[in-house]
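Report on the following structure.
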Amino acid sequence: MERFIVELTVANHCGVLNRITGLYAKLKYNIDSLTVNETTDPALSVMRIVSRGDAAIQCRMTRQLRKLFDVKTVVLLNNSTL
Amino acid sequence: MHCSGTCCLRKFRRIHCRCHYYFHYYYQHYQRDYYYAARHGIGTINNKSSKFSPAGKIRQGFLIFNHRYSQMKRSGASIVIEALCRNRVETVFGYPGGAVLPIYDELYKNAHRINHVLCAHEQNAAHAADGFARVSGKPGVVIATSGPGATNLVTGIANAYLDSVPLVAITGNVAVPLLGRDSFQEVDITGITQGIVKHNFAVSDVRELSGMLDAAFEIAASGRPGPVLVDIPKSIQTDMCDEADFIRQEIFFNHPVPPDVTEAVKLIKSAERPLIYSGGGVVAAGASEELRDLARWISAPVTFSMMGLTALPADEMLNLGMCGMHGSQSSAQAFSKCDLIIALGVRFSDRATGNTGKYQEGKKIIHVDIDSAEIGKNTAADVELCGDVKKVLQQLLQHLPRLNHPEWEKYCRDAKKLDHHPMDDKLTPFSLLRTVAAYCTPDTVIATDVGQHQMWTMQYFPFQTPRTLLTSGGLGTMGFGLGAAIGGCIANDRKRTVLFTGDGSFGMSLQELATAVSQALPLTIVIFNNGVLGMVRQWQTMFYEKHYSSTTLQRKTDFAALARAFGAKGKKITSIKELERTLYNSAPDVPTVLDCQLDMDEFVLPMIPPGGSVQDLITRRN
């Protein structure tokens with residue numbers, strides 16, 4: 001299974017990480033690694049989530065993440081885009 | 001009854017987007033301009049993510065919710081009331097308690113602006129708000145206290161989530177200093193509801209409250225509707241705040257851009273046997289006219305998911321009724337023969353498709369949905385159109401030439417004859433439903449609970465008007481019906497409303513009769529009383545060697561006497577004649593319970609066994 005990274009710009013307040021990892025858990029996908037950093041704009045942070053899955057899973061994941069109201073942008077980084 | 005207008009004129013609201021545009025809106029007519037801005041997306045951004053998903057051409061922006069009144073201090077509870085009025089809420093459902101006392105105090109003072117309907121249980125209050133929203137199309141509002149009040153809402157919220165119903169749930173919580181200390185009646189309701197809401201807010205500062213409530217209403221009603229929960233600690237309800245100090249709420253909205261329909265047009269033109277599969281999205285978008293036009297224009301029969309059933313009148317020529325596990329025989333035949341499925345506002349639920357592999361064999365699929373995450377979730381689509389189904393249908397109608405498939409139409413019309421059912425004098429599900437249907441008007445709201453009676457209603461009741469059916473589709477919540485009927489009746493100007501329920505389902509929410517009586521609602525409650533949990537019993541008969549484990553109720557409840565005890569009217573019904581007589585004599589301001597005695601071994605047929613396909617259709621009992 002291909003490794004892929006999802007890079008998210010999210011609101012920087014409590015409960016956001018929970019919402020995003022909750023979505024991964026709900027869809028039963030494991031997170032291999034995860035970083036969260038505040039950006040120069042303190043209202044936003046950047047999250048990079050590494051997990052594994054085929055193209056269908058990657059597409060499903062990005063679409064589900066885009067639905068969250070704390071998520072501003074979703075960028076998918078995988079073998080074909082890196 | 002809504003806000004008097006004098007304060008509206010003073011309202012100042014700013015919506016902006018940091019991306020490319022910067023908007024200032026000074027509102028005189030708040031609602032119209034505000035919703036215009038929200039619906040059309042504020043600002044655009046060509047973000048990198050769009051190229052990774054074909055359905056993801058997203059117009060992105062965010063709305064900033066920052067409402068200001070005049071320069072005066074308000075309590076959090078008063079801010080809640082102002083936000084409700086601003087969002088044109090006239091009726092709220094709920095149940096008071098310690099942690100929402102300040103809000104209830106404000107409701108007391110504002111009784112002339114907001115009508116609070118006191119229910120008997122929070123779960124039913126949530127169902128009532130849900131029913132209200134399904135009929136009115138506006139977000140339903142439910143208020144509950146912390147702890148048990150909040151957890152009792154969970155089923156109602158989940159139900160609204162799975163059926164995409166706009167619902168705003170407001171819960172109280174313990175005061176901020178007591179949070180996280182396992183205080184009396186404290187639960188982490190935002191954590192509990194995380195997986196079953198579109199979004200939720202835990203208010204931690206009174207200055208955020210106004211913006212969060214506005215955002216909650218916008219989120220609940222926009223795009224694919226859904227429930228939103230706002231958790232307000234008691235101390236925040238009493239905190240005072242100067243309106244100039246309100247903190248803006250930034251919410252990121254992803255609005256789909258109108259998709260390109262060229263591919264879909266090509267596919268429809270080349271299809272010989274197109275079938276429209278229409279769902280709740282069509283009802284939610286108010287697109288029934290467009291649906292009817294498309295069906296006639298391209299000569300395609302229409303079949304429905306349960307949530308979409310009311311979009312076309314039952315007697316419409318091309319209406320094949322509900323599809324899926326207990327769908328009509330004609331829809332099953334049409335599905336097995338068609339070469340193109342035009343799916344509108346549906347999510348290809350397992351109850352509608354059965355085995356998805358066999359379901360898709362030899363067929364092309366055009367999938368239209370406002371939620372890009374639904375497209376390709378359960379079945380792969382050949383053409384993905386992410387957008388509002390009404391707008392997409394309008395585009396399709398513009399670009400499609402008139403198409404004729406006389407043979408295909410004839411095939412479906414012949415298949416429709418298979419659905420024909422004889423009327424008889426005995427009290428059977430069919431004759432019962434048709435007798436009640438004759439008593440109803442086209443705009444009568446019909447609510448159901450969950451089980452055999454629900455499926456019979458879907459199969460036999462001739463629905464005429466969109467938004468007249470209240471049923472729990474996705475979650476299948478037994479006990480949903482009575483609450484929903486109360487909410488639906490209130491939303492429909494308190495006109496006659498009919499609830500079809502079973503003796504099992506009714507047992508789960510019958511305490512709400514008290515609410516129907518206190519509100520003097522003209523409900524007709526038809527109980528399909530067969531003394532068993534019929535649907536489960538049917539499965540036990542068919543798949544579990546008639547092991548009737550815990551499905552024979554052996555209760556001795558006299559529903560007619562029970563109704564009288566609640567202050568309602570009640571009658572035991574054993575024949576169609578008796579039913580007719582009682583129906584036409586029912587009182588205009590009291591709920592009537594009709595306890596109809598049915599045979600426990602009636603089956604819901606036809607049936608596609610779980611995980612099966614159209615070829616496995618069971619049409620008669622062995």
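Chain letters run A, B, ... following the sequence lines, proteins first, then strands; residues in each count from 1. For the numbers below, each heavy atom of this structure counts, side chains included, while hydrogens, waters and symmetry mates do not. This one's a predicted model, so the numbers in the text were calculated from it and none came from an experiment.
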* Mind checking whether B/Q194 and A/K26 have side chains closer than 4.5 Å, heavy atoms only? -> no
* Side chain, backbone, both or neither: which part of A/R60 has a non-hydrogen atom closer than 4.5 Å to chain B? -> side chain
* Asked: Is it true that atom CG of B/D182 has more than 12 heavy atoms of other residues, nucleotides or ligands lying nearer than 6.0 Å?
  -> no
* Distance from B/D371 atom CG to A/Q64 atom CD, nearest 0.5 Å? -> 7.0 Å
* **Sidechain-backbone polar pair: A/R63 side chain, B/K377 backbone, donor-acceptor under 3.5 Å** => no
